[in-house]
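Read the structure below first, then the notes.
Just so we're on the same page: letters track the sequence lines, and every chain starts at 1. Keep in mind that this is a model prediction, so the values were computed, not measured.
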There are 2 protein chains.
Amino acid sequence: MSHRIITISREFGSGGRTIGKETALRLGIPCYDHELIDKIAEESGFAKEYIEERGEYSSHGGWFASAFSDRDFNGHSNQDYLWMIQRKVIQDLAGKEPCVIVGRCAEYILRDRADCLSVFIHADMDKRAKRIVKQYGERSESPEKRLKDKDKRRAAYYQFYTGMKWGDVRSYHIALNSGVLGIEKCVDILADLF
Amino acid sequence: MSHRIITISREFGSGGRTIGKETALRLGIPCYDHELIDKIAEESGFAKEYIEERGEYSSHGGWFASAFSDRDFNGHSNQDYLWMIQRKVIQDLAGKEPCVIVGRCAEYILRDRADCLSVFIHADMDKRAKRIVKQYGERSESPEKRLKDKDKRRAAYYQFYTGMKWGDVRSYHIALNSGVLGIEKCVDILADLF
């Protein structure tokens, strides 16, 4: 089966964003990552920084706390509104033209489309730690602590909005360890599957 | 990185065994699946039918029950002895020559080898159901019930002996949905990665 849309979920520091961009470049189709945030900002009025953080990460480590905090009188949180807008923007983009979409639970949002290839990129902790230090520099917290915190909050967000377990192999058509296979080989595989 | 060993874990009915055999055939290396059972039978004295079933499946749905039943005075069950022999046979095979090994937690047993590519093959329930009916025929139980039972018992076995979650994306270098990608494409990808 050939695919029109590639969605990429990724562990922080796994190089999933780079793989998405390189794959799109090779296929001559757009890759939506930061561009997605611009579009969501336009539609929602939320600040880009807020979307970047709260459109993929729970504000707490556990979904339970996240589920019941900051509700308005309809029972909706800002994060719920953001989710609904994100969902609409992703569905509109996927309906328009072949593309690569990085993050934001796109594989869940587009799960009923037969032309969508859903990809998960992950890597071992040591490889990811090296990568984030190289890319974002040192912080007061160790890179391992930063990664664990990000993983925990992304998993909580994913579980709350999709009802599924983040990183469960069955949620994706293909999952690749970029640390073992290498970024270039991951791009080869995905471009070939398109 | 090139790999000398490919280990294939698979959901029952996903075609993982066929993918292993085809990949090995294309690469001109042996594939250990039923041959593995013969070797384990030889070393252990257990019957092949017993090894086939109890070398990958818990006798109960939950690891807790499995963990505390049928112990001898050393605290070992038959299944524990089988695990130890299975472990030794797999390590010996991997040390001898390049090969494909299907099932039996080989990716966990060989996790410290840098030349080992660990693969997980899965597929959606409807595709697996069709496949097992075609391959093993109808039974009194529905194919969906048979698959759910197998999944549950294999997950329990895996968790008990490896301490890890079966089907967690991070346990494998590459995970493929054979129902969406097709058997042939899975073989192409794996043969190319070798």
| query | Taking A/Asp188, A/Ile189, A/Leu117 one by one, which has the highest count of heavy-atom pairs under 4.5 Å against chain B? | reply | A/Ile189

| Angle class for the B/Tyr108/B/Tyr158 ring planes (parallel below 30°, perpendicular above 60°, tilted otherwise)? | perpendicular

| field | Pairs of heavy atoms under 4.5 Å with chain A: top-ranked of B/Lys185, B/Lys165, B/Glu11, B/Arg170 | value | B/Arg170

| query | So, do B/Trp166 and B/Phe120 have ring centers that fall under 6.0 Å from each other? | reply | yes

| Short side-chain to backbone donor-acceptor contact, A/Glu52 and A/Ile37, under 3.5 Å | no

| Contact leader toward chain A among B/Asp124, B/Asp168, B/Asp192, B/Val169, where contacts are heavy-atom pairs under 4.5 Å | B/Val169

| field | Region of A/Leu176 that comes under 4.5 Å of a non-hydrogen atom in chain B | value | both

| note | The interface call for A/His173 against chain B, heavy-atom contacts under 4.5 Å, is both

| query | Where does the angle between the aromatic ring planes of B/Phe12 and B/Tyr136 fall among parallel (under 30°), tilted (30 to 60°) and perpendicular (over 60°)? | reply | parallel

| Between B/Arg10 and B/Asp33, is there a side-chain N and carboxylate O pair less than 4.0 Å apart? | no

